[in-house]
Amino acid sequence: MADADAGFRHISVQELAAHEGQEVILKGWLYSKRGSKHLLFLMLRDGTGLVQCVVAADSVDVDTWRIADEATQESALVVTGKVIADERQTGGVELVVSSLKLVGESEGYPITPKEHGVDFLMSHRHLWLRSRLPWAILRIRNRLIVAIHTFFQERGFLQMDAPILTGNAVEGTSSLFELDYFDEKAYLTQSGQLYGEAMAMAFGRIYTFGPTFRAEKSKTRRHLTEFWMIEPEMAFFDLDTTLDLAEDLLVYTIGEVLEHCSEELTMLERDPARLECVRKPFPRISYTQAVALLRSDETADMLAARIQALEEENAALSEELAVNRNRYGQSKKSERRRLDAREIAIHRRTGEIAEALQNLPVWKASARSFEWGSDFGGSDETVLTWHFDRPVMVHRYPAAVKAFYMKRDPDDARLAMALDVLAPEGYGEVIGGGERATDLAFLEEQIAAHQLPKEAFEWYLDLRRFGSVPHAGFGLGLERMLTWIAGIDHVRETIPFPRLMGRIAP
RNA sequence: UCCUCGGUAGCUCAAUGGUAGAGCAUGCGGCUGUUAACCGCAGGGUUGUAGGUUCGAGUCCUACCCGGGGAGCCA
């Protein structure tokens, strides 16, 4: 590609270290600026990374100095300069600028390097994407997607695209987005699974990777109305081989993230040790065992200890706050700023603690009195995961809480051969699936029992009429998994433009 | 749908029912190695909306609007 700005091409920040000692061209945006009267430090952002560009008044022409001096946050710049090693910089190099060119002005950029609230950031998501944390998270997302495809492709799985528009409501219309399809009702897909089963009978092993829509009015840190799901479906797989696959998938993809995204994890202050312990074997417990664990003294003691630890932390923070306020009056300005920042941090943490202290006793009571037969609530899953340092796989759920197409446990007709994988640290369900029913008569009964329109499932029942085989699969929520990997507290930051209840823009 | 917390300067937050403030951002001035740079000065407000109580409301009451996260449901 010809470059109008110079006789040689521009390179990316990522490539800088390989060009040490050379004159190069960078193109990007001004992330932040510091400096004094005759020396400016421009942090340049180009999408691949950040680098400090040093502009000295006595070694550049007047125009370049003026551009550097007047450049505002997010101005687009072409920077020419020499790459030099500087161990104080995060990338190990900085650029000594020889000339600057302004490509695009930027007046009054709303997102400052300081703190912002959630609502403000969400309303400016189109610009927020340029900031460091979204950068780190979405780069991990990309790595995770590549790793998932690689994992399945290397194991002989065929990627398939399930339809996004569907005609039949599988699991109740309340959670489906309805739309008009040439005067017929249609819905946005909730799952590609039934189509995946058809493809598995044609290709053996397949996986879908596509968007999924849920119209549930859920305003929590775990819910999006539009999210991406990976759904493998395998002919001749049973519950155990499917658990093996889920385990291998998580171990492989997290290994890839650890190998390729250490810089991103560091930016997110995510301790890699939390991910390094995701190794085989994952604990596998039955639903019945999980219920016993929830109701156990062990769980009650663990939760009591958590409550006590939070109360102690709360007391310590209150004390620190009082001490800081006493010191405030006699402090210098710089010290006051530090105290202000600390006070905000303490406020935030005490808010979190207050919320946890409100929730934990409720969760404790809920776990203690959990009745066999009901499905786990969000809090029950969270409590279960606190017992393990890696994902825990729960299998054989009461059939009543699972979908109609689940195979029954041959040893206990009350149970479905279902599986859930719960991520550690309270992140909860990232995978849900199981072995599918293979018997035509059983499925017909189930469809009737669930009061589903049989006509709509005739094509699905054909899969049992013509060479029905044992098969299984599961759904992996990409954003939930990424929330866990990144160690962040809300799923909305794991997708470029999150769709949430009450928020459809930008 | 229910529960709960919140809405004060462009942003993040203070303010016993009694003169609406700070930091950042912005503008101006100072500073040749800064890492959220620092130092000084300045401008910036219909306290979400509509009522009510009161000598007096950001603060108390009622309704509504908007947002946070929790329940239900789920990945």
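In what follows, every chain begins at residue 1, and chains take the letters A, B, ... in the order their sequences are listed.
Pairing partner, B/C74: none, since no Watson-Crick or wobble contact has both distances short of 3.5 Å. Pairing for B/G40 goes to B/C28, judged as Watson-Crick or G-U wobble with the two contacts each under 3.5 Å. With both pairing distances under 3.5 Å, B/A20 is matched to nothing as a Watson-Crick or G-U wobble pair. Across all strands shown, B/A63 forms a Watson-Crick or G-U wobble pair, both distances under 3.5 Å, with B/U49.
A stacking contact links A/Phe227 to B/A75: the aromatic ring centre lies within less than 5.5 Å of the base's six-membered ring centre, and the planes differ by less than 30°.
Looking at heavy-atom distances under 4.0 Å, A/Arg492 makes contact with sugar-phosphate atoms alone, never a base. Within 4.0 Å of A/Gln89, counting heavy atoms only, lies at least one base atom of the nucleic acid.
For the pair A/Asp420 and A/His490, nearest-nucleotide mapping onto RNA chain B gives the more 5' position to A/His490.
A donor-acceptor pair under 3.5 Å links the side-chain atoms of A/His490 to the main chain of A/Arg492, judged by distance alone.
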Atom pairs, protein N/O to nucleotides 29-32 of chain B N/O, distance under 3.5 Å:
unit_1: B/C31; atom_1: OP2; unit_2: A/Lys37; atom_2: NZ; d: 3.1
unit_1: B/U32; atom_1: O4; unit_2: A/Asp58; atom_2: OD2; d: 3.0

Between protein and nucleic acid, restricted to nucleotides 1-10 of chain B and to nitrogen or oxygen atoms under 3.5 Å apart, what atom pairs and distances do you find?
unit_1: B/U1; atom_1: O4; unit_2: A/Lys217; atom_2: O; d: 3.2

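Within the cation-pi definition used here (under 6.0 Å to the ring centroid, within 45° of the axis), A/Arg125 qualifies as a partner of A/Trp128. Figure legend: cation-pi geometry between A/Arg130 and A/Trp135 absent, as NZ or CZ is not positioned both under 6.0 Å from the six-membered ring centre and within 45° of its axis.
The base of B/C66 is not paired with the side chain of A/Arg503 by any donor and acceptor separated by under 3.5 Å. Checked by distance alone, A/Asp375 brings no side-chain donor or acceptor within 3.5 Å of a matching partner on the base of B/G72.
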